[in-house]
Amino acid sequence: MKELLLGNAAVARGAWEAGVCLASSYPGTPSTEITAAIAKYDEIYTEWAPNEKVGMEVAWGACLAGKRSFTGMKHVGLNVAADTLFTISYTGVNAGMVIAVADEPGMHSSQNEQDSRHYARAAKVPMLEPADSAECLEFTKLAYELSEKYDTPIIVRLCTRISHSQSVVKTEEREKRPVKEYVKNPQKYVMMPTFARPRHPIVEKRMSDLRALSEKTELNRIELGGTDLGIITSGTCYQYVKEVFGEKASVLKLGFVHPLPEDLIIDFSKKVKRLVVVEELDPFIEDHCKKLGLDVTGKDMFSLIGELSPNIIAEKFGVLSSKGKTIEEDIPNRPPVMCAGCSHRGLFYVLSKLKAMVHGDIGCYTLGATPPLNSMDTCVCMGASISGLHGFVRAGGKNAVCVIGDSTFAHMGINGLIDIGYNQSDSTVIIADNSITGMTGHQENPTTGFNIRGEKVGKMDIEMMCKACGIERIRTIDPNDLAESERVIKQEMNTPGASVIIAKRPCMLLKSSKPAPALNVDEGKCTGCTMCMKIGCPAISMRDKKASVNHTLCVGCNVCTQLCKFDAFDVKRGLKYGDS
């Protein structure tokens, strides 16, 4: 049967067809939909883990019990899980274990560009890289076979364009896999120095065997065309190269990107007059080719930064692409903005008003750094806001707070709060609790009380967790109440000792959140002072020097009414949400 699937959905289908029984992941764009799609298969136990390290360890535990397992994450999530990855490379697996990692050249929703191929090399695990949805399915299934044959976890690397593009795949039935028996073997699974030392030579032998496989596997193939130009490429860049050159150039398509072949690449180089590597981000393949002594071009043509495209490739090669298109008209800039009625807006307005130094974190609330709020000073990685605040205050920093979301607090913020509770700095931690993992598309997390299938489960009590971390002063505010929020935040910032403020209001996009009637503007009262524009609500604009409300967007949160000194926003004459 043939289906049109996203790359992420194809990976999920491949996991199901391969007989996977457990999946544990943390959501992160562009990888999120893999696990969300897996959750639709009843045969696979699926969960959102608190973070990527936990997800990888859960998957490893499941494969140890004899059932094939899966974990998925974005590139920065692999940083979190790296500690586990490097050691399970030594232990190996029992049943197959696949790690899907989605890189994001271009940083559409990430804080850095990172090339995960380096992790495969550093951790000494194999990596496959599909170039379309069909290969996403095929490579995922093959990855489980290789994982078991070579006793190793294996990484399937995607990128935004592969994860979020659709192509036709051929689907098959699910494999019936017997449960592999777990056999007690401390020498294999207990990585204390005495047992770990003998495992390292096993890892090196495994890599040697995998390198031999890379020479003959069908995942790496030569497509002969014109011999004046030979291009070595992989993943989404393969699609771009084929779109630009068709059969006019010869191509070595690499699907097995670690370990890379040697003889195959040398053989390919002899068939062409000029050799070029086309790859995004770092010169991973190019450096390998140069170590083989080949005269190869790569990053002297293409940037280390951002995504490639057919147009960029055509331009760099000096050829005209008949298929690549350009947009002649300038497109208006549309910067990201908090939704109308967002529970974070009032909080950051207050912090901006107080001129606080704000240590930020990863989530929807990161948009508090953008105009007109401009009220976030730092954003590094999950959980860094709390630890960074502690260090800032201990070094003499003043008038500072941190803001972290409920999901991010559960992910990596708790350890930082333990540090503050233990060492008792004058730190004010604000937990922006919007009752969901918002930025990646409304996934449940340990603080919501529901699992990935929407079933009611155990719920982490944020206030009790803060108390357990050694925090005695814990306050709860409604961030839409500007006066109360300002009073409490100012009070805690000026009181010695550690404290937590829980800014609690559900995300307006949740089904359980019911919008109030949209507001109108009484033009007779509006003076055009633009005070209401300071909160950056997309439902409010200025027309003919008067405030105007877009009734399609307005959810009646009434934050703007608290800013208007002239009572120009008319609640009584407001329309129902969505009325025009």
Side-chain angles (χ1 to χ4, degrees), residues 6-12 14 25-35 51-53 55-56 70-82 85-86 98-123 125-133 135-136 139-140 143 153-165 219 232-241 253-260 277-288 298-299 302-309 312-313 362 381-382 439-440:
L6 284 173
N8 281 346
V11 172
S25 309
Y26 184 82
T29 304
S31 71
T32 306
E33 297 86 359
I34 303 175
T35 305
N51 62 41
E52 295 84 359
K53 182 176 186 292
M56 185 174 290
F70 172 88
T71 185
M73 60 202 70
K74 67 186 296 178
H75 60 291
V76 288
L78 189 55
N79 299 333
V80 178
L85 174 65
F86 276 68
V98 168
I99 303 157
V101 176
D103 285 3
E104 196 175 31
M107 295 184 286
H108 303 285
S109 60
S110 302
Q111 64 268 44
N112 66 31
E113 288 183 307
Q114 178 178 306
D115 195 327
S116 294
R117 294 177 295 181
H118 296 296
Y119 267 114
R121 181 164 56 196
V125 296
M127 174 180 277
L128 310 184
E129 185 172 3
D132 57 23
S133 296
E135 289 191 348
C136 284
F139 284 20
T140 299
I154 184 167
I155 300 174
V156 175
R157 178 187 186 237
L158 301 93
C159 67
T160 306
R161 300 303 172 185
I162 300 300
S163 290
H164 290 165
S165 62
L219 300 181
I232 304 176
T233 189
S234 65
T236 191
C237 291
Y238 166 76
Q239 304 291 357
Y240 301 156
V241 166
K253 180 193 179 299
L254 298 173
F256 200 118
V257 294
H258 186 262
L260 288 164
V277 174
V278 178
E279 58 186 328
E280 291 177 329
L281 300 181
D282 297 337
F284 188 87
I285 300 172
E286 180 184 352
D287 287 349
H288 177 75
K299 289 303 172 183
F302 300 102
S303 175
L304 292 162
I305 301 167
E307 296 178 292
L308 296 182
S309 68
I312 292 174
I313 291 172
I362 308 296
C381 62
M382 303 283 274
M439 179 67 83
T440 51

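- A side-chain donor from one of E104 and S109 sits under 3.5 Å from a side-chain acceptor of the other.
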Start with the C-alpha distance between V80 and M382, add both sets of side-chain angles, then the distance that settles side-chain contact (heavy atoms from CB on, under 4.5 Å), and finish with yes or no.
-> CA-CA 9 Å; V80 178; M382 303 283 274; 5.7 Å; no

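- Annotation: side-chain contact (heavy atoms from CB on, under 4.5 Å) contacts of A82 (sequence neighbours excluded): F86, Y119.
- Under the 4.0 Å criterion applied to side-chain N and carboxylate O atoms, R157 and D103 are assigned as salt-bridge partners.
- Note that CE of M439 is 8.0 Å distant from CD1 of I362, once rounded to the nearest 0.5 Å.
- Panel note: side chain S31, backbone G28; a donor-acceptor pair is recorded below 3.5 Å.
- Remark: A143 engages V98, L128, I154, V156 in a side-chain contact (heavy atoms from CB on, under 4.5 Å) (not counting sequence neighbours).
- H164 contributes atom NE2, which lies 7.0 Å from atom OG1 of T32 (distance to the nearest 0.5 angstrom).
- Contact of the C159 side chain with the P30 side chain is not registered, since no non-hydrogen atoms from C-beta on lie closer than 4.5 Å.
- H108 places a side-chain heavy atom less than 4.5 Å from the side chain of T160.
- Between S116 and M127, the closest heavy-atom pair is O-CE, 3.4 Å.
- Checking N79 against E52 by side-chain atom types alone, no donor-acceptor pair falls below 3.5 Å.
- Salt-bridge formation is not detected for the pair R161/E280: no Lys NZ or Arg NE/NH1/NH2 atom is positioned less than 4.0 Å from an Asp or Glu carboxylate oxygen.
- For S25 (side chain) and T71 (main-chain N/O), no donor-acceptor pair under 3.5 Å exists by modelled atom type.
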Please test R121 against H288 for side-chain contact (heavy atoms from CB on, under 4.5 Å), starting from the C-alpha separation and ending with a verdict.
-> CA-CA 12 Å; R121 181 164 56 196; H288 177 75; 5.9 Å; no

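- Across all their heavy atoms, N112 and Q114 have their closest contact at OD1-CB, 3.7 Å.
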Just do the side-chain contact (heavy atoms from CB on, under 4.5 Å) check on E129 and H258 with the steps written out, would you?
-> CA-CA 9 Å; E129 185 172 3; H258 186 262; over 6 Å; no

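- Side chain of Q111 to main chain of C381: no donor-acceptor pair is present (N/O by atom type, distance under 3.5 Å, no hydrogens or angles).
- The shortest non-hydrogen separation linking C237 to L308 is SG-CD1, 3.9 Å.
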I285 and L254: side-chain contact (heavy atoms from CB on, under 4.5 Å), yes or no, with the steps?
-> CA-CA 9 Å; I285 300 172; L254 298 173; 3.9 Å; yes

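- Remark: the backbone N or O of F284 is not paired with any side-chain donor or acceptor of D282 at under 3.5 angstrom.
- Although no hydrogens or angles enter the test, the distance criterion places a donor-acceptor pair under 3.5 Å between the side chain of K299 and the main chain of L281.
- No side-chain heavy atom of I312 sits less than 4.5 Å from a side-chain heavy atom of Y240.
- The closest side-chain heavy-atom distance from I99 to F70 is not below 4.5 Å.
- Put simply, the side chain of E307 does not reach to within 4.5 Å of the side chain of M107, judged on heavy atoms.
- In this model, no donor atom of one side chain and acceptor atom of the other lie less than 3.5 Å apart for H75 and D115.
- The structure places CD1 of I155 at 5.5 Å from CG of L78, a figure rounded to the nearest 0.5 Å.
- Checked against side-chain contact (heavy atoms from CB on, under 4.5 Å), S133 has the following partners two or more places apart in sequence or in another chain: A10, S167, V169.
- Closest approach of G306 to E113, counting heavy atoms only: N-OE2, 2.8 Å.
- Contact annotation: the side chain of L158 never approaches that of V101 to less than 4.5 Å [non-hydrogen atoms, C-beta and beyond].
- Side-chain atoms of S234 and K253 form no donor-acceptor pair, as typed in the model, at a separation below 3.5 Å.
- The backbone N or O of I305 lies less than 3.5 Å from a partner atom in the side chain of S303, making a donor-acceptor pair.
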